[in-house]
Amino acid sequence: MNSAPQTTTRIYLDHAASSWPKPPEVVEAMHFAMTTLGGNPGRGVYDLAMHSARAVFDARNDCARLLGMGASENLIFVPSCTFGCNLMLLGLLGPGDRVVVGSMEHNAIARPLNALAESGVEVVVVPADDTGFVDPDDVEAAIRVAPTRAVICQHANNITGTIQAIADLADIAHENGARLLVDGAQGAGHLRLDLGMLGADAYATSGHKGLLGPQGIGLLYLSPEIDPRPLIEGGSGSGDSQSARMPLDRPDRYEAGTINTPGIVGLGAAARWHLEYGATQHARESRLIRMLHDGLAELDGIMVLGPPAQVERVPVLAFSHDRVDADVLSFELDRRFGIATRAGLHCSPWSHETVGTLQHGAVRMGVGFGNTDAQIIEAVEAVASITA
Ligand code: PMP
């Protein structure tokens with residue numbers, strides 16, 4: 001067995017990449033799945049396989065309840081938010097389509113869109129302002145120029161924490177005959193979600209970030225009105241092996257191959273954790289990120305990116321210093337203080353270009369489960385000491 005690494009990380013502020021640690025309930029549920037749920041869900045009617053299928057069914061229902069959805073069959077388990085983004089884009093769009101997209105997108109959206117652009121999809125990028133906010137009026141102006149198949153926008157940004165006006169974008173898209181496709185990687189778990197009300201036609205998210213589930217599992221909500229092409233085909237567990245193509249019914253249509261039962265069961269436990277403690281956790285994260293923002297903003301030479309402190313953001317922010325390089329700062333935070341942060345472009349050159357940090361990047365801090373007031377104070381003091 002691997003021994004635990006002798007880590008020097010004392011303060012974990014990389015929750016926007018992956019939250020850690022996880023609530024004990026998540027770990028216990030995964031342990032239960034690994035030790036008790038041996039059968040392959042949907043692949044047999046013997047007792048053990050039925051238990052696995054039941055656990056997956058319950059997890060799907062609990063995730064759907066957390067996301068404010070009706071029928072849980074419209075919630076697809078995917079390996080990652082990236083996979084979900086690819087499915088909604090590549091499955092729906094094709095040559096001749098026109099799409100309007102905000103300029104703060106992560107590579108999970110930008111790269112498949114770039115690939116689609118090479119095959120004849122017209123991609124119109126609407127610039128966000130310097131806080132990272134995409135003005136719905138600008139989207140409306142862009143959409144009115146020509147018939148548009150989809151508006152694409154993230155719910156919240158992974159660098160600036162900026163929250164987009166998704167409900168307004170949904171109205172604009174629908175009034176103009178377009179679909180709204182949302183990358184919710186930084187939204188779910190941090191923002192109270194009611195997908196029934198929000199109006200997105202597709203919403204992809206990660207399980208391992210704000211939702212506090214394990215890595216290797218994500219969620220994709222698809223409204224009943226859209227029918228993207230499945231990206232992969234194979235065994236589907238729906239007992240229709242004779243059919244030449246994937247079944248039409250959900251979720252099986254989009255879940256080819258043996259699914260990640262331990263990951264799904266862990267995510268289900270995370271959803272139940274949020275249903276019970278989510279409001280408290282949200283209040284705590286909001287307070288900590290505000291504290292971090294205020295502390296950093298007071299330091300000489302620091303520029304905090306994104307919205308001002310009084311505007312709500314998800315619990316992530318990034319900053320640069322006018323003299324100390326972001327890579328050096330992040331490295332020193334780790335080496336001298338055991339504080340885990342992330343420097344660079346955070347898989348989102350579009351965002352950095354929008355907010356003017358493409359050349360040098362920025363240091364990102366994401367707060368979450370397990371962080372304390374004392375840790376935030378210590379992180380601010382550490383930045384002050386390195387940049388003094
Ligand atoms: N979109 C955004 C905004 C993200 O922050 C991330 C993760 N960094 C992703 C998409 C991709 O998520 P995953 O790595 O879980 O596929």
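Counting starts at 1 for both ligands and their atoms, in listed order.
- Using modelled atom types, one finds no donor on one side chain facing an acceptor on the other under 3.5 Å when comparing R60 with S72.
- A salt bridge between D249 and R253 is absent, with no side-chain N of the basic residue lying under 4.0 Å from a carboxylate O of the acidic one.
- With no hydrogens or angles considered, a side-chain donor-acceptor pair links R336 and S385 at under 3.5 Å.
- When each atom of ligand 1 is checked for a heavy atom of N158 under 4.0 Å away, the hits are 3 (C), 5 (O).
- From the protein, the heavy atom lying nearest to atom 12 (O) of ligand 1 is S206 OG, 3.3 Å.
- Look at E233 and R245 and you find a salt bridge, because one of the NZ, NE, NH1 or NH2 atoms lies within 4.0 Å of a carboxylate O, short of that distance.
- Counting heavy atoms closer than 4.0 Å to ligand 1, residue H208 contributes side-chain atoms (C-beta onward) but none from N, CA, C or O.
- Protein heavy atom in closest approach to atom 5 (O) of ligand 1: Q186 NE2, 2.7 Å.
- The single protein non-hydrogen atom nearest to atom 4 (C) of ligand 1 is H106 CD2, 3.4 Å, given as residue, atom name and distance.
- To the nearest 0.5 Å, the span separating CZ on R313 from OG1 on T131 amounts to 9.0 Å.
- When only non-hydrogen protein atoms are considered, atom 11 (C) of ligand 1 lies nearest to T82 OG1, 3.4 Å.
- With a 4.0 Å cut-off on non-hydrogen atoms, C81 touches ligand 1 through its backbone as well as its side chain.
- Crowding of D322 atom CG: a count of heavy atoms from other residues, nucleotides or ligands under 6.0 Å exceeding 12.
- Judged by the shortest distance from any of its heavy atoms, K209 lies inside the 4.0 Å radius around the atoms of ligand 1.
- Among the atoms of D183, some N or O lies under 3.5 angstrom from an N or O of ligand 1.
- More than 12 heavy atoms of other residues, nucleotides or ligands shown are found within 6.0 angstrom of CZ on R250.
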